[in-house]
Amino acid sequence: MNIAWKEIKKSKVRFMILGSIIFLISFLTFIISGLANGLSQDNAAIIKDLPEGQFYMNTNAEEIFNASKIDGKLEANILSNYKESVALSIQMGFLNDRNGKQQSVAFVTTTESHLFEELNKGEVIVDQSLEDEGMKIGDTLTNNQLSGEFKVIGFVDQKKFSHAPVAFINTDDYKEMYKLNEMQLIYIPGQDEAQSFSGLQSFSTNEFLKTIPSYSAEQLSLNMITWFLVVISGMLFSIFFYMMNVQKIGLYGILKALGFKTISLFVMMWYQMIFITLISLGISIILSQAFALITPKGLPFDLSIGTSIQLSLIFGVIGFVGATISGIQIKQVEPIQAIQQGEG
């Protein structure tokens, strides 16, 4: 340990460079991860906030939820046999506010359930983001497809779908607007295993999220970038410690001649890796959490401490593996040859 620490102090510029690179890569990874989680919530919070369960849509819809139509008799049968079940529909649309400005929203209507808002005909509850834009309780809103008007009776926090604020409306209003009598989906909470219903296809929450076109493509791109950065960090560890080990062949030969075991030399290298990684990741976690506090309100960013710790553990494992692979040459060092090489 003393030798490892003395080497860090002697070659502090080299270790500071490695630490700075690891800090920048991990900080960038944390930021991208926060954006991925934030966009995930912004894209499908109305679904992700539900407890684990099973979604069912018409088999003929071919996994396109807004093309699904649940037969009325089948819906009634499921709702009567599964007390927590609920039928729901989601359609993109717009609302005209009191100033005549159109607000893009995702209309959501459901059968009676404690999981969703219950409204009378002509009432609407919208996401709080619209309140931030000036909408107030009691405002009258219109839609070109509806003969009547909507009255805002409340707001809900962080309910989004397809990056649009959700607007909960009564089923009768929904049917008038979209000229549909059937609901799109049935959701049964608390089910680990799907039930079999004739003409219906089942989806877990994660499987259903993948049927949302923008969700899958968006998350795949951001997750690929995140893992690409993690792999790069492992390669940097390997390259850095490989170069360091090449320069220290003579030192390793002397230490082996003095009786140091190979495992002791590996421990010395691991100590240096852990020391650099802990400092770099510690600074990254602090700054990324600070960044989460100062992000603009409209920027979808969600980085929990748990996610930061998980990514840090992955960085630690990758760094350990990278440093260990680069240190395989330590095992192959022969004292006399190494000393001669070092002298040469």
Side-chain angles (χ1 to χ4, degrees), residues 44-51 53-58 60-61 64-97 102-128 130 135 137-157 159-162 164-189 197 199-203 205 208 211-212:
I46 187 68
I47 302 299
K48 295 186 71 174
D49 290 345
L50 292 171
Q54 295 288 329
F55 290 85
Y56 298 86
M57 71 172 72
N58 194 303
N60 296 330
I64 303 174
F65 75 90
N66 53 9
S68 174
K69 295 181 180 180
I70 305 294
D71 178 76
K73 291 182 180 179
L74 179 57
E75 174 192 323
N77 181 50
I78 295 175
L79 295 183
S80 62
N81 291 324
Y82 297 87
K83 300 302 180 185
E84 296 291 316
S85 61
V86 56
L88 66 149
S89 291
I90 306 172
Q91 287 281 7
M92 303 305 295
F94 63 88
L95 288 169
N96 298 313
D97 63 18
Q102 283 191 348
Q103 299 284 357
S104 179
V105 297
F107 287 109
V108 177
T109 188
T110 69
T111 54
E112 186 176 346
S113 171
H114 69 278
L115 296 171
F116 295 94
E117 307 295 332
E118 295 183 20
L119 304 100
N120 296 319
K121 187 174 173 60
E123 295 177 338
V124 63
I125 295 177
V126 296
D127 181 72
Q128 199 163 17
L130 294 180
M135 194 173 290
I137 292 178
D139 280 0
T140 298
L141 308 175
T142 61
N143 180 280
N144 295 350
Q145 298 167 283
L146 185 70
S147 57
E149 296 178 334
F150 287 117
K151 181 179 180 181
V152 180
I153 64 169
F155 297 94
V156 288
D157 188 35
K159 297 297 181 185
K160 297 285 191 72
F161 186 83
S162 194
V166 161
F168 292 99
I169 59 175
N170 180 269
T171 303
D172 292 336
D173 290 329
Y174 177 89
K175 290 179 177 179
E176 179 185 342
M177 289 166 58
Y178 293 100
K179 307 298 186 292
L180 295 171
N181 291 319
E182 300 89 357
M183 301 294 269
Q184 296 172 342
L185 304 164
I186 289 180
Y187 169 69
I188 305 178
F197 300 111
L200 298 185
Q201 183 177 358
S202 63
F203 300 84
T205 300
F208 179 72
T211 67
I212 304 173

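Sequence positions, counted from 1, serve as the residue numbers for this chain. Both backbone and side-chain heavy atoms feed into the values below; hydrogens, waters and symmetry mates do not.
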Visitor: Please lay out, stage by stage, how F203 and Y56 fare under the test ring pair (Phe, Tyr, Trp, His ring centres under 6.0 Å).
Guide: CA-CA 6 Å; F203 300 84; Y56 298 86; 8.6 Å; no
Visitor: Any chance you could measure Q102, atom CD, to N96, atom CG, to the nearest 0.5 Å?
Guide: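 That separation rounds to 5.0 Å.
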Visitor: For M92 and Y178, which heavy atoms make the closest approach, and how far apart are they?
Guide: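 Nearest pair, atom of M92 first, then Y178: O-OH, 3.1 Å.
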Visitor: Scan residues 168-188 for pairs that pass salt bridge (Lys or Arg N to Asp or Glu O under 4.0 Å), counting only residues two or more places apart or in two chains.
Guide: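 Every pair satisfying salt bridge (Lys or Arg N to Asp or Glu O under 4.0 Å) with a residue in residues 168-188: K121-D173, K121-E176.
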Visitor: Considering all heavy atoms of both residues, which atom of A106 and which atom of A164 are nearest to each other, and what is their separation?
Guide: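 What the structure gives for the nearest pair is N-CB, 4.2 Å.
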Visitor: Can you see which heavy atom on K159 is nearest to which on D127, and at what distance?
Guide: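 Distance-wise, the nearest heavy atoms are N-OD1, 2.7 Å.
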Visitor: Starting from the C-alpha separation in whole Å, work towards a yes-or-no answer on ring pair (Phe, Tyr, Trp, His ring centres under 6.0 Å) for F208 and F55.
Guide: CA-CA 7 Å; F208 179 72; F55 290 85; 4.6 Å; yes
Visitor: Which atom pairs, donor and acceptor, lie under 3.5 Å between side-chain atoms of residues 108-119 and protein residues at least two apart or in another chain?
Guide:
from	atom 1	to	atom 2	distance (Å)
T109	OG1	I169	O	3.1
T109	OG1	T171	N	3.1
T109	OG1	T171	OG1	3.1
T111	OG1	A87	N	3.0
S113	OG	L115	N	3.1

Visitor: With sequence neighbours left out, what residues match F168 under ring pair (Phe, Tyr, Trp, His ring centres under 6.0 Å)?
Guide: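 By the ring pair (Phe, Tyr, Trp, His ring centres under 6.0 Å) rule, F168 matches no residue at all.
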Visitor: Are the side chain of Q184 and the backbone of I90 linked by a donor-acceptor contact shorter than 3.5 Å?
Guide: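 A pair under 3.5 Å: yes.
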Visitor: Please round to the nearest 0.5 Å and tell me the distance separating atom CG of L130 and atom CG of D97.
Guide: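 Spacing of CG (L130) from CG (D97) equals 9.0 Å.
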Visitor: Using the ring pair (Phe, Tyr, Trp, His ring centres under 6.0 Å) rule, take F65 and F161 through it: C-alpha gap first, then chi angles, then the decisive distance, then the call.
Guide: CA-CA 13 Å; F65 75 90; F161 186 83; 5.6 Å; yes
Visitor: Strictly below 4.0 Å, N to O, side chains only: are K151 and D139 in salt-bridge contact?
Guide: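 No, this pair does not count.
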Visitor: For Q54 and S202, which heavy atoms make the closest approach, and how far apart are they?
Guide: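 Smallest heavy-atom distance, with atoms named: OE1-CB, 4.0 Å.
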Visitor: With rounding to the nearest 0.5 angstrom, report the NZ to CD1 distance, K83 to I188.
Guide: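 Answer for the NZ-CD1 pair, K83 versus I188, is 12.5 Å.
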